[in-house]
Amino acid sequence: MTNEQIREEVLDILEVIAPDEDLSQLDDAVNFRDQLELDSMDFLDIVMELRKRHRIQIPEDDYVNLASMSSTVEFLEPLLKDVEKV
Amino acid sequence: MIRSTQDDHRIVITGVGLTAPNGDSLADYRAALLAGKSGVDRYHIRYVGDTLAGQCHFDELKYQKRKEVRRGTRAGSIGIFCANETIANSGIDWPNVDRSRVGVYVGVTEHGNVETENEINEIKAFDYDTKVWSHHHNPRTVANNPAGEITLNLGITGPHYTVGAACAAGNAGLIQGAQMLELNECDLAIAGGVSESIHTFGIFAGFASQGALAEHADPACASRPFDRDRNGIVVSEGGCLFTLERFSDASRRGAKIYGELVGHAMTSDASDFVLPNPEQQSRCMHLALQRAGLNPEDIDIVSTHATATTSGDIQECAALRRVFGNADNVMINNTKSFIGHAMGAAGSLELTGNLPSFDDRVCHHTINVDNLDPECELSGLVLGEPRTKKSVDIILNNSFGMLGINSVVIIKRV
């Protein structure tokens, strides 16, 4: 997946776990929590969806990398570069 | 106004919030009952396949965000809808109610089966890898979930819990709420029962294995308590929560009072896992009457529990004969013939459908009795069409469940 495809994938997951949010104005550089109503259970949902969709395990210590869209894409890039977008 | 001790210990119903397969408000539900409108429909559930059920059609998003619906349970959503509706219906000044003095007591037949089945179905696609088992599973399946979701939604900080009481749970929740008011654990109780059971295949499969799952070409004719051609239970979802207050508080604020809980009882059969026991059922009715200071001939309407199983119907009728004999004042009806068996919500929904009788004096009927089982012959059965009484002052509501749990509540017009 390209970085743009990874971003689309994360957006798709956010649409599922935060269905009331308007994601069209999402600022990639700003932390998710500063612009969306997300709590710790939601971040676990992001981890779980990535696990289900791509069988990737994200250690708890790496959850901090899921703070914003930019940091998430950057973190996922090496993990998903050889994965085909479904 | 001088508060009387007696009035502080009189518990009254001042609000009703419900969702039933044939109505999402008391007015619509009552109109459906009087019109003979069934809420049973065709239904499909995994593994079991095509069957019948009573499904509710309330708008989950009326009181919840999409995310809250996704995170919670169906029982939670039913409870939240009913709780918001009962509060609105009570006319109480909710923004100024002390939420730390509100208690939530929700009867459930079971809880957690739906969510556990969903997760097992989910991990099946991953070769049963438990690493994809949801972190939402535990908060969804803790036994207090349906009551807890209500407190989260409404900012209630008083006590909350569910009352697990099989199919007697709707009455049990009401009784628990009243008792907590009497013990001064709260000043306002939201109490009754809910059920999400149509979303667990296990309950359908279990009844089918027991030979107790209804089948009929016409869904509206499938739930047939007292009828010779009955063939089992129609499983339904639903909820009904009452607003309960002390009479002194309700009268002070000029609340509409739907009725007063003047008697209640719960007993156990101690005889069988599933077979009912008419001796204990009749003892439960006698105990409730005794506590209410009433005689059987004082009862105007008996709302029966009968579920359309041969044994259950006949045994309840035997119990009713023991209590009411030939009392010619009493009219006897059955709501499950319309909505199926709403499990944890059955007791409160079936009582509620009769509460308007205090005002209109009409006893709703029992549908689908084309060939009355002679063993269910009771002089007061109201079959085929509603009947009007000169007055309706007292209603007795039966709810019984597996493991031999019996509950009776008696409501009096105020």
Side-chain angles (χ1 to χ4, degrees), chain A residues 1 6 9-27 30-69 72 75-76 79-80 83-86, chain B residues 46 58-78 80-81 84 111-112 114-155 157:
Chain A
M1 275 194 263
I6 293 172
E9 185 77 352
V10 175
L11 264 184
D12 190 50
I13 291 171
L14 286 172
E15 280 173 8
V16 173
I17 66 172
D20 305 296
E21 302 282 355
D22 176 10
L23 299 174
S24 64
Q25 303 300 316
L26 191 74
D27 186 334
V30 176
N31 281 358
F32 289 132
R33 275 194 170 175
D34 293 336
Q35 49 187 333
L36 304 172
E37 280 187 37
L38 295 182
D39 59 24
S40 59
M41 295 289 269
D42 295 316
F43 281 91
L44 285 174
D45 268 327
I46 296 173
V47 172
M48 180 64 78
E49 280 301 309
L50 289 167
R51 188 180 298 161
K52 283 182 175 176
R53 293 178 185 207
H54 303 296
R55 309 312 305 259
I56 57 172
Q57 300 290 343
I58 301 175
E60 197 171 340
D61 289 347
D62 287 332
Y63 289 179
V64 291
N65 295 307
L66 306 178
S68 70
M69 180 61 89
T72 303
F75 172 72
L76 292 175
L79 298 173
L80 295 177
V83 175
E84 287 291 318
K85 176 97 167 87
V86 180
Chain B
R46 63 171 167 247
F58 70 98
D59 179 8
E60 285 184 322
L61 299 178
K62 186 171 180 181
Y63 300 111
Q64 288 185 284
K65 291 180 178 177
R66 286 180 178 81
K67 180 175 167 181
E68 292 165 339
V69 173
R70 177 183 177 274
R71 180 172 287 191
T73 65
R74 177 67 171 173
S77 291
I78 289 170
I80 287 166
F81 179 82
N84 278 277
H111 184 76
V114 174
E115 297 72 26
T116 303
E117 286 178 9
N118 285 344
E119 283 307 310
I120 291 172
N121 189 59
E122 187 72 17
I123 69 168
K124 182 181 164 192
F126 297 88
D127 197 22
Y128 296 101
D129 180 357
T130 57
K131 289 193 177 64
V132 296
W133 188 271
S134 174
H135 48 286
H136 293 298
H137 179 257
N138 291 349
R140 282 174 181 155
T141 58
V142 286
N144 63 316
N145 170 281
E149 284 203 38
I150 291 170
T151 63
L152 285 166
N153 180 268
L154 284 160
T157 55

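Residue numbering restarts at 1 for every chain, and letters A, B, ... go by the order of the sequence lines.
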Would you check if there is a donor-acceptor pair between the side chains of Glu149(B) and Asn145(B) at a distance under 3.5 Å?
yes
Part of Met41(A) lying under 4.5 Å from any heavy atom of chain B:
both
Stepwise side-chain contact (heavy atoms from CB on, under 4.5 Å) check, Arg53(A) with Ile13(A):
CA-CA 10 Å; Arg53(A) 293 178 185 207; Ile13(A) 291 171; 3.6 Å; yes
Go through His135(B), Glu68(B), Lys65(B), Arg66(B) and name the one with the most non-hydrogen pairs under 4.5 angstrom from chain A.
His135(B)
Sorted by first residue and then second, give each side-chain hydrogen bond (donor to acceptor under 3.5 Å, both in side chains) pair with at least one member in residues 30-39 of chain A; sequence neighbours left out.
Asp39(A)-Arg71(B)
Most contact-rich option vs chain B, by heavy-atom pairs under 4.5 angstrom, among Glu21(A), Lys52(A), Glu49(A), is Lys52(A)
Residue by residue, scan residues 62-69 of chain A and write down, ordered by number, those that have a heavy-atom distance under 4.5 Å to chain B; if none do, write 'none'.
none
Working note: Glu60(B) + Arg74(B), criterion side-chain contact (heavy atoms from CB on, under 4.5 Å); need CA distance, chi angles, decisive distance, verdict.
CA-CA 9 Å; Glu60(B) 285 184 322; Arg74(B) 177 67 171 173; 2.8 Å; yes
Test item: Ile56(A) and Leu76(A) side chains (from C-beta on) under 4.5 Å apart, heavy atoms:
yes
Would the number of heavy atoms belonging to other residues, nucleotides or ligands and lying under 6.0 Å from CD of Gln57(A) be above 12?
yes
Hey, is NZ on Lys131(B) packed in by over 12 heavy atoms from elsewhere, all under 6.0 Å?
no
